[in-house]
Each structure stands twice: as structure tokens, then as C-alpha cells.
Protein chains: 2
Amino acid sequence: MATRNIKEVAQLARVSVGTVSNVLNRPEIVSPATRERVFDAIKKLGFVRNEVARHLRVGRSRTVGLVVLDVANPFFVDVAQGAESVAEDHDTMVVLCNSAGDPGRERRHLDQLEQQRVMGILITPVEAENPWLEELAARGTPVVLVDSPATGLQCSVAVDDRLGGQLAGAHLVERGHRRVMFAGGPMSVKQVADRHAGAEAAIAATGGAVELLTCTAPALTVAGGRAIGERVAALPPDERPTAAFCANDMMALGFLQAMAAHGLRVPEDLAIIGYDDIDFAAAAAVPLSSVRQPRELLGRTAIDLLLEEVADPEQHRHRQVIFQPDLVIRESSAPRRDP
Amino acid sequence: MATRNIKEVAQLARVSVGTVSNVLNRPEIVSPATRERVFDAIKKLGFVRNEVARHLRVGRSRTVGLVVLDVANPFFVDVAQGAESVAEDHDTMVVLCNSAGDPGRERRHLDQLEQQRVMGILITPVEAENPWLEELAARGTPVVLVDSPATGLQCSVAVDDRLGGQLAGAHLVERGHRRVMFAGGPMSVKQVADRHAGAEAAIAATGGAVELLTCTAPALTVAGGRAIGERVAALPPDERPTAAFCANDMMALGFLQAMAAHGLRVPEDLAIIGYDDIDFAAAAAVPLSSVRQPRELLGRTAIDLLLEEVADPEQHRHRQVIFQPDLVIRESSAPRRDP
DNA sequence: TTGAGCTATTGAGACGATTCAAAAGAATCT
DNA sequence: AGATTCTTTTGAATCGTCTCAATAGCTCAA
């Protein structure tokens, strides 16, 4: 069935198109009688406003893009929900795009979003340095970095990953571990590098009493964690670390699975601590200790900054918001029985 | 910075707007020299094609909407990934919308998608009967139902939930359980009703030897499962079921948490089986038995059907595709030690 | 009766791309 | 040179809505 347009509505209601448009956008300036006639016509024809044409004319869109590193990671789903809850109040749509850690996919999503002339973009970039993002912003699409370091050139919302790493590292040290592994992903991902640096700092503070091994997987996924876990399980017991700090909870869950598969007990044989404190962390085979981030708040704040910039681009000053993570201790890093 | 348009490009390259458009859409019909000039101008100006205007003129959009019941449920994330993988090959965007089981939110998302004139909508509806969806389709937006019963009026992709329920029920019966609980959500959700009906059938087949209790939570979430688990844990041991079939894995995880919190052992004191076989099911405190659905395939097939309809609306015949679930047995429903 | 001061309505441009019939140019053949 | 074909390029019309200056209709006062 052909979709109806404003002109057909105008014809049926015997008014001009301008009036129909007024009924749609500023009903209060239209006399009640005509307004009624127009609404009737709309209903009779099943007219639905064409947002595309409206957008073209008005120039502003009512959607924002959210590009995340991994939709399968509940952390990002929570960030997205935070963003959406705010967007909803502003009658705005959030389109969720998954870069899956692939710069190519990320780039394609950004192109598409820019072509759609979205109101703005929230993004957790794959790579820390991204000139493309700056050009995008320079061409007029506001960008807010989410869970990512501030470059100063745009707004950003992040959690102090270095502090998070430090909390995790210090916790393991305090539990008496002397050989700790950092199970991470590509160090080109700033989050990973920072969490690692934090852990390193905590361990360096022991003055050499504790050793830090670093092992990386190609991606921060359950499979990545499992792969590293397999390698660890294959080590002779005396070379094996007694604790692992995983760059996120997905990896920690994979690591945990590998331990179980090889009959290693957590935390007795090896303690684990993850990062993000996703809801599934508490439900894991051994409830996971983790570094919690304010996930929804991250999303909410990001879109707040974006809306602020859109509302008044002239006066807007870019801001870098940083939240603090905190430690959630569960069974996976419970104190070791004395050896 | 003002965004450039085709006219500015044309001016700089000293050709007509028609030629620029040709360079963009059918470069092969433009002479190499002009093509080069136009590309140079595009690069110099940082021109980005306005997809909104293009869409308005051409009439077809390059995005499809996917409305799911719960983004926090990895099942739907996987369905979305399946859909996106196909969409990507067709240079199409999938916008993910979360109805969160709320008909109001669902309705608002549908309105928005229709106003945006998306190419089509994939949806797991909140309610089985939905006249609104039919009107939407009648007005010209193709709709494909996902993981939902076929109404015959549109395409649909589903998994046989009744069979799934039957598999789960039969499995528990076969394991020797005589008092089984179905932990579900609103029966108005067709999936829940069907899974329940399947379990009921399997149990009825025992000729009254097995008893089925039914308990529902307001939503199919971890919290919902936990709430039901709490109630069960509070029952005196001899009234307590010996097994629970949860309407999905999220609930099963919640149920499991409640058991652990009250010191009940799974599967010894109470066996659990979930539904969906999400990745986290295998990583749970007690690895969950579950009824597996072909999640990504569901998404891929749904968008295939949609693209088929869009490609040739005249000749298109609506189809109802149904997949078979299968049982994945893990520790949470391991055989009971003989009492 | 005329004019001023309202409110309600109108309708002619945008907005930025695509399309396509027609014109212009280039190449080939008589 | 002129006719014929083929290749490129042009530019006006179009998609559906919004905006805004202009107009119409009304009331009230002088």
C-alpha cells in the first residue's frame, strides 16, 4: 500500500499543507475545528509522518549512534541501556553498532552514521589514536568517547582503568600471591594497557617480592580467556602463577572454564579476578571477584554530554569525566589456605 | 563546520550536479578525467554523502529495525549478530531496539521505525496478538516475526517451543523426578506458554506418576528466576520439587543463585534445566543443562526472509520457518544419587 | 466606514540527492 | 562536408516536510 503524505491529508481535510504541518508541530496555533478535521483525515488515511523528509528539511536528526567494542559483552549492553534510558526522555533513538574490535567494521559504521547525519556518536574506539574520529568531529558530528581516554579534543567519559588495575593487583598481593598473571588482550586497546599498568604499579610497589607474568589473547572474549587458561594449565605446577587478573569478566569466565576442565581448583590452586563486574560474574561456577565500573552511569553521562553539546555547540566546552572503579571481592579470590 | 553538499562539489570540479551524482552511483559511465576531478573535489571538501536526502529521493532505506524482548538476554544478542552478519553483506544497517517486554516501549519503537521508513522490521513481539503489527505491514513496512508463532499474515522464523518443553520435561521424567516445577514468566508470552505446554505434555504422558507445579515471575530475568528460587527454597523439603524447568537460561541462573544462597545443592537437592543455551549457561556455578536454539541462524533466516520480500514484494509468498531445538545435558540435571 | 490589531491559514521556496530526457561533443562512415 | 552513431554531460523536476512572509478573516474602536 502506498504510504500517504501530508498533501493527501491536506486534500482530504481541505486545508493547505502548511496547516497540516502546523497541526503536527504546533497544534496550539491551529483552531480546534481545523485541528480536528486534520486529525480525522490523518486517521482515515493511516498517515505516518515521514521522518526522513522532516530530517532533511530541519537538518537535525533524532538518533545517536553508539559504537561498542563487543555487543556480546554485557558490559556494553549495560552502557547502552544507560544511554537509551536518557535518550528516551529526549525522544531520541540510540542505534547500537558493534565494531567487534575490528577497525574496518568500526570505520564502516562511522561512515554509515555520518551519512545518516546522526545527531552525534558515542564510541568506544578500537584504537586509542584515531585521526578519523577527529575529522568526523571537525566535519560537524559531535563525538563523545566512552570508556576511553580523553584526547582533549572531544568529550569523554571513562573509568580510571589504571586505578582499577591497581586495586586488583594490590588485592592479589595482599592475599599473599607471589606470582601473578595478567591475562589481557591487545595492548593497543587502551583499557587493557591501563589495567595492566595499574597492576604492574601495584606489584612494583612490593619491591620485587612479587612477579608479574603477562599473557595476551587476540580478543577480550570467553574464548580468549579459555585459551590463556589452557596454556596456564599446561605449565608445570611450580611455574604456574597462583593468581590471574583478567582484563575483563568475559576472559575471566573463559579462564575459569579452562581451570575446571583441567581439574584445577579456584581459588585454591589459582585465584582469579576479573573486570567490569557484569551480572554473570556473580553467577559463575566460582563467583568472580571483579573490578566494578558504573556501567549504566557511563552510558547516561556520555549521552548527557552529547546532548549538552548539541543543544548549544557555541558555548559548549569539551569535558572529560572520570569515574572511580571499585573492588568486589567474591569467592574466586578468597584467601588461600596456608600452603 | 558546515557540511558540504553535492552542489559545492560540482562547483569546485566544474561539472553539473548530475555528473557528481553519477560519479557517486555509476562511476563507470563517467569519463575517467572528470571522475578524477570530482573525486579530488570530494576529498578536498571533505564531502560526505547525505543518506537522508538520498533516501528521500530513492524511497528505499538501507536500515532494518530489530525489536527484541530483552537486550540483556544474550540469546537476543546472538540473534542480532546473526541478522547483522547477513545485513552487512547487503550494505544494510540493523538498528537494535529493546522493548524490554513492555508493550508501550515496543509500540514507541515501532512508531519511530515506521516514521524513519525503515526497509523492514524484525520483531519478537511482546504479545502474541498484535493488530498494530498487521496494520504496520498493511501500510507497507514488511514485518518478520522472530522466535514467535506464525500468524500466516507475515513471515516468521521460530523454534518449536512446544517440542523444546517436551524435551526438557521428558528428560526430567526420565531422570526419575516425580515433582517438577515449571518456572516461567507471563503466559501471555507465547514462548513461555508453549514451553510450558510441552513440559505438561511430557509429564501427562507418564499417566499421573509425575506432578507439575507452575510458578511465574513478572519477567524472564535473572531476578525473576531468583525470586522463584527463593520461594522454592522456603518450602518444607517434602513439598519442594526435585527439579525445575526454567523458561530461559537467565531465570535458570537466578534460580541457581537462590539455591546456592540457601545451601541447596544442584542437582542433588534440586535439578535445573534452562532454555536457550546461552554461552553463560556452560560457565554457571553448576553448568546448566538447557534446550538449545539455533540463535544466529534464527537471526540470519529472519533477515533473509525480509530481504526476499523487499526484493520482490509482488511475487513474495509469506513463509513460516520452524527450527528444531535440542537438548544439551550438563551437570545441573545429572542423575540423582539413588535416594 | 476605515483602520488597526488580532488570529488562522496559505503557498511558495528551501533541504540535498537522484533521474532522465535532451543537448552537446566526439568518433566513424559515406 | 555531412550524416550517423555513440559517449558524456547537463539541468530541471522530484521525493515529503517545514518555514515564513504574506494574506485573509475577524473584532473593536474611532
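What's counted below: heavy atoms across the whole structure, side chains too, no hydrogens, waters or symmetry copies.
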Name every donor-acceptor pair, under 3.5 Å, that has one atom in a side chain of residues 26-33 of chain A and the other anywhere in the protein, sequence neighbours excluded.
residue, atom, partner, partner atom, Å
A/Arg26, NH1, A/Asn22, OD1, 3.1
A/Ser31, OG, A/Thr34, OG1, 2.4

Next on the checklist: The criterion is side chain to side chain contact (heavy atoms under 4.5 Å, CB included); which residues satisfy it with B/Arg14, sequence neighbours excluded?
Outcome noted: none
Checklist outcome for this item: So the contacted stretch of DNA chain C, first to last nucleotide with an atom under 4.0 Å from a non-hydrogen atom of chain B, runs from C/dG16 to C/dT19
Item to check | Contacts of type ring-ring contact (aromatic ring centres under 6.0 Å, His included), residue A/His109, not counting sequence neighbours | outcome: none
Next on the checklist: Tell me every residue that passes ring-ring contact (aromatic ring centres under 6.0 Å, His included) with A/His90, counting only those two or more places apart in sequence or in another chain.
Outcome noted: none
Checklist outcome for this item: 5' to 3', nucleotides 16-25 of chain D under a 4.0 Å protein heavy-atom cut-off (B base, S sugar-phosphate only, - none) gives BBBB------
Checklist entry - Going by number, which of residues 33-44 of chain B have a non-hydrogen atom under 4.0 Å from DNA chain D? => result B/Thr34
Item to check | Those residues that, when tested against B/Arg54, pass salt bridge (Lys or Arg N to Asp or Glu O under 4.0 Å) (two or more places apart) | outcome: B/Glu51
Checklist entry - If you fit an axis to the five pairs at each end of the helix from C/dT1-D/dA30 to C/dT30-D/dA1, how big is the angle between those two axes, to 10 degrees? => result 70°
Output a table of donor-acceptor pairs, distance under 3.5 Å, between side-chain atoms of residues 297-311 of chain A and any protein atom two or more places apart or on a different chain; print 'none' if there are none.
residue, atom, partner, partner atom, Å
A/Thr301, OG1, A/Leu297, O, 2.6
A/Glu308, OE1, A/Arg319, NH2, 2.7
A/Glu308, OE2, A/Arg319, NH2, 3.4

Item to check | Test side-chain hydrogen bond (donor to acceptor under 3.5 Å, both in side chains) applied to A/Thr124 - qualifying residues, sequence neighbours left out | outcome: none
Checklist entry - Should the pair A/Arg108 and A/Trp132 be classed as cation-pi, given the thresholds of under 6.0 Å to the six-membered ring centre and 45° from the axis? => result no
Item to check | For B/Arg57, salt bridge (Lys or Arg N to Asp or Glu O under 4.0 Å) partners two or more places apart | outcome: none
